[in-house]
Amino acid sequence: MTESLDAERMACWRAYIEASQRLFTQLEDDLRADSELSFADYHVLVLLSEAPGQRLRMGELAGRLVFSPSRLTYQISSMQKRGLVARESCPDDRRGSEAVLTATGLLTLREAAPYHLRSARTHLMDDLDDAEVACLTRVFERLGRRLRADRDVSSTPADK
């Protein structure tokens, strides 16, 4: 029984990975065609737009993106040259720096978001078969439950 459950989980994760890779490629192509942003650019802009003061420490940004520090440095430098973000020293930590969303970056994000959302809906509806949709749904439901549980634990006041 455990073996069949493990086999089902492996099949589910394999389907998830394959579908995710295909979707990522299609979303990347659509996003570049419509707004000249890479998916990584878009993700950085979204994270900065949602951060307090529209700024994040580089280490925190790297963690949220699952980027290596060198990859993030390259990404931010590339975006900085295009005026999408700025890099400033961090007032709390002289050794660190923060990525800051610029007005141009925010405008670019607002212009790209409708194209990206429409592209995501199109590919989710048209390019995934029923088994892949079911697999992704299960994975995201599980992830959602875990995130809600983590949020509930972190928001519970400490006992005195």
Side-chain angles (χ1 to χ4, degrees), residues 13 16-128 132-133 135-158:
W13 279 109
Y16 167 73
I17 290 167
E18 289 169 1
S20 297
Q21 289 172 335
R22 194 168 71 249
L23 278 174
F24 177 82
T25 301
Q26 292 164 335
L27 293 173
E28 174 88 12
D29 292 346
D30 289 353
L31 194 57
R32 279 193 191 277
D34 290 326
S35 66
E36 299 180 9
L37 288 176
S38 70
F39 196 74
D41 292 338
Y42 183 81
H43 200 170
V44 168
L45 293 176
V46 167
L47 288 174
L48 291 175
S49 73
E50 294 172 347
Q54 298 182 333
R55 61 179 53 232
L56 282 172
R57 285 185 178 180
M58 294 293 282
E60 186 177 356
L61 188 57
R64 290 185 184 189
L65 292 166
V66 195
F67 273 8
S68 68
S70 60
R71 171 70 176 112
L72 180 62
T73 299
Y74 171 79
Q75 185 72 37
I76 295 297
S77 295
S78 167
M79 293 177 75
Q80 201 171 358
K81 288 176 187 170
R82 292 179 287 152
L84 302 174
V85 299
R87 196 165 169 184
E88 298 178 358
S89 60
C90 183
D92 300 332
D93 181 3
R94 290 187 191 182
R95 296 169 295 148
S97 61
E98 294 178 318
V100 180
L101 184 65
T102 64
T104 303
L106 185 58
L107 179 62
T108 302
L109 175 62
R110 287 182 179 155
E111 289 173 351
Y115 295 111
H116 176 64
L117 293 175
R118 184 172 59 242
S119 174
R121 278 192 215 102
T122 299
H123 292 304
L124 281 169
M125 297 299 285
D126 297 342
D127 296 328
L128 295 180
E132 289 172 326
V133 171
C135 171
L136 289 170
T137 300
R138 285 195 307 271
V139 169
F140 289 127
E141 283 174 352
R142 222 177 277 144
L143 179 61
R145 283 193 299 271
R146 184 178 304 151
L147 291 172
R148 281 191 297 279
D150 289 348
R151 186 184 62 218
D152 292 345
V153 167
S154 67
S155 65
T156 304

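- Scanning all heavy atoms of the two residues, the minimum distance from Ala99 to Leu61 falls at CB-CD2, 3.8 Å.
- Between Ser97 and Arg87, the shortest heavy-atom distance links the atoms OG-NE, 3.2 Å.
- Using a 4.5 Å cut-off on side-chain heavy atoms (C-beta onward), Leu45 and Val85 make contact.
- With rounding to the nearest 0.5 angstrom, the CE atom of Met58 is 5.0 Å from the OG1 atom of Thr73.
- For Arg82, the CZ atom sits in a packed shell: over 12 heavy atoms of surrounding residues, nucleotides or ligands are nearer than 6.0 Å.
- Gln75 pairs by the side-chain hydrogen bond (donor to acceptor under 3.5 Å, both in side chains) definition with Asp41, Arg71, not counting sequence neighbours.
- The CG atom of Leu72 lies 9.0 Å from the OG atom of Ser77; values are rounded to the nearest 0.5 Å.
- Of all the heavy atoms in Gly105 and Leu101, the pair that sits closest is C-CD1, 3.8 Å.
- Distance check: Gln54 CD to Leu106 CG gives 5.5 Å after rounding to the nearest 0.5 Å.
- Closest non-hydrogen pair, Gly83 versus Thr104, comes out as O-CB, 3.4 Å.
- Considering only residues two or more places apart in sequence or on other chains, Phe39 meets the ring pair (Phe, Tyr, Trp, His ring centres under 6.0 Å) condition with Phe24, His116.
- In terms of heavy atoms, Tyr42 sits closest to Ala113 at OH-CA, 3.6 Å.
- In this structure, the side-chain hydrogen bond (donor to acceptor under 3.5 Å, both in side chains) partners of Glu88, at least two apart in sequence or on a different chain, are Arg55.
- Checking each of Leu37, Leu84, Leu65 against Val44 for a side-chain contact (heavy atoms from CB on, under 4.5 Å) leaves exactly one that passes, namely Leu65.
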